[in-house]
Amino acid sequence: MGEAEAANGRPVARVLLDSALPQLDHLFDYAVPGELAGELRVGQRVRVPFRSRDRKSFGYVIGFAEHSDFGGELAPVADIVTPVPQLTPEVWRLARAVADRAGGSAGDILRLAIPTRQVRIEKQHAAGTADDPGAHDRPYAPAQEEARLAELLAEGERLALTASHGPIRLETGEWVGSWAEQLARAALAVHAGGRSAIVVVPDYRDLDQVRDALAARGHAGIVRVDSRQSNAERYAGFLRALDPVPRIVLGNRSAVYAPAHRLGAILMWDDGDPVLAEPLTPYVHARDAALVRAEQSGAGLLFSAHSRSAEVERLVMLGYVKAQVNPPRRTRVLHADASVVPDAFAGRVPEFAARAIREGLRHGPVLVQVATPGYAPVAVCGECGDLARCGACAGPIGFRTAARGACRWCGEFATDWRCPTCGGRHLEQRGTGSERTAEQFERQFAGTRVLLSDGEHPRERVDARPALVVATRGAEPLAAGGYRTVVLLDVERLLGIETLRAGEDCLRWWENAAALAAPDGVCVIASGGGPVVRAFATGRADEWLRSELRDRHALRYPPSVRVASVTGGPVEVERALATLDGLPGVDHLGPAPLPPGGRAGTPPGLVRAIVRFDYGHGAEVARRLRGALVADAAGSSSRTRGKQPGRARPEALRLRFDDRGVFDS
DNA sequence: AGCACGCCGACT
DNA sequence: GTCGGCGTGCTC
């Protein structure tokens, strides 16, 4: 840390202030006072006077200069908060570029990148008494193939890898997905080459698997970035990442912003998982941040997944990312055509799937993936068993009270319902949630151990003994040795989710579940068919994705174009859109009224426009919309005055770039 | 966000 | 003339 650039006699310090105000998102010049001249360094957190002599604000020193362009007299830097230069030049450049690309403030990115300081932890670290598990790491000797991969990555290669299915047993006896072992080896090989590696995974269950795989190879000296950590743990890890030593950083979406000495590669697992989309402003997806960082730092990039995201496929088609050529090992998939099996849905599962379950249960655990947790009673036609749909909006009909069916989407009661398929008039209740399914299985497969795992009560692992594991998509436990059988239910329902990415999401859910099967296990998908199901069953998901991308390209849907939603009062939105006039490759949908109420209690009268633009114009679109936002925010204080304080001005402009959900109903 | 500056209407 | 209303813009 001693290498951070010092003031070196230069009298001006350039500081980025901590502020949520967009109009303050630029550097402010301060005088370097004589008494701090010897200590002040780039990256340090400082306290500076702001707005008046005695009001202080925090910020980071971004650089030094001989003179300032500011007309007035410079106020002096008041204090150095910590001697540790927390903000490395590399992370600063990243934060600035990522914020600019997303129409946001660099400070918002830095909040994700830098944990709050803990004096105790800092003292321990400085004294060298901090716990450093890396001290006991065994040197790793990468296999030839791994060394070659690490070399390519360190040279800046960008790769898309389809990971093999199946779990793998570590030397420690622990089971992890083969993908985790593969990713761990790649990280270790990069590290063995004297470079840092950042491994980004969606959630803590993934993190645990990679951590176990690294530890089994003798590497426990990782830096973890994990939502389960206390702030002290997080800061201790942060300081270790800051050390001038190559590290392996392993963490969730904010790990892409971790400092790293000689960054060799960013490795990302399952970038299609929505958890990698940052929910805080400026809502930058970890994949996009990784792409920017790799480009800036010259580091390599590896996207690994069981099912490729549309975004990565687009980059592969452009030749920006290179796809792995050798086909990965894949679980055998049986498409059980539910539509040709008479009375297929008499029980919860079609009869042949029930047979596969019974067969699997003779040797080990069986996984059943369902769409929703709990009971989720839905209405079906009493005559033909078809899913009942609302007459008004075609939404699914649920039962809020046991007797009366009502639409889940619009609330319309299902009186005088008539089945469009067979003309039946009688609604029947059927439970499809995980708990309800588990109850049914306890009866249908009497004497079998039935285990539940869903978002609220996730189970990370199950043993190799026979058990029927009912899990919601994404919450499937890892089974020791793998599942004998993986059954995918509710296929039509999942495909019917009205999002632009339904097909892509389904492939990801199914592929990730199929990957949990034993090498000689089997995956059964119970469905009437359709292109997505066929693509999955035949292992041609990439082909399907390419045709999907071609369709989206024709319609100007993301990711073939970028999008930004512009929300606010009608006047504000119109003003923002006007700044885009004359830009080629840019159009917009709307503005359309935003439905009032909703999640955050949206007040009435607000509108939203969706701006679509080619990637090449992204920087200019972001710059102009950001300009409109700054102008709106700057004028807002006067307009707000007189109104009740506390509540933010609802008609204020809000920008959101690359939102996955803008085209969903 | 807050606070200063400045440009028009009512006042000692 | 000058006090003070609030709209406008800046904060190193």
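Any value given below was found using the heavy atoms of this structure, including those in side chains, with hydrogens, waters and symmetry copies removed. Quick note on labels: first sequence line is chain A, next is B, and so on, each numbered from 1.
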For A:L21, answer base if it contacts any base atom (sugar-phosphate contacts may also be present), sugar-phosphate if it contacts only those atoms, and nothing otherwise; contact means non-hydrogen atoms under 4.0 Å. base
Rounded off to whole Å, could you give me the NZ-to-C1' distance for the A:K56 and B:dA1 pair? 18 Å
Pick base, sugar-phosphate or nothing for A:F70, based on heavy-atom distances below 4.0 Å to the nucleic acid. base
Sequence neighbours excluded, which residues qualify as side-chain contact (heavy atoms from CB on, under 4.5 Å) partners of A:D203? A:R205, A:D206
In whole Å, I'd like the distance from the CG atom of A:D29 to the P atom of C:dC10. 17 Å
Euclidean distance, atom CZ of residue A:R10 to atom P of C:dC12 [Å, nearest integer]: 23 Å
Would you indicate what A:L24 reaches in the nucleic acid, counting non-hydrogen atoms under 4.0 angstrom: base, sugar-phosphate, or nothing? base
With sequence neighbours excluded, tell me which residues meet side-chain contact (heavy atoms from CB on, under 4.5 Å) with A:T116. A:N231
Can you find a heavy atom in the side chain of A:L577 that is under 4.5 Å from one in the side chain of A:V611? yes
Near DNA chain C, which residues from residues 44-53 of chain A have a heavy atom under 4.0 Å away? A:P49, A:F50, A:R51
Can you name the side chain to side chain donor-acceptor pair (under 3.5 Å) partners of A:E313, sequence neighbours left out? A:R308, A:R546
Interatomic distance, A:F58 CZ vs B:dA1 P [rounded to whole Å]: 20 Å
For A:E122, give me all partners under side chain to side chain donor-acceptor pair (under 3.5 Å), at least two apart in sequence or on another chain. A:T82, A:R117, A:Y235
Taken to the nearest whole Å, CD/A:Q23 to C1'/C:dT11 is 10 Å
List for me each residue that meets salt bridge (charged side-chain N to carboxylate O under 4.0 Å, His left out) alongside A:D25, sequence neighbours excluded, and say none if there are none. A:R96, A:R626
Between C1' of B:dA4 and CZ of A:R55, the distance in whole Å: 15 Å
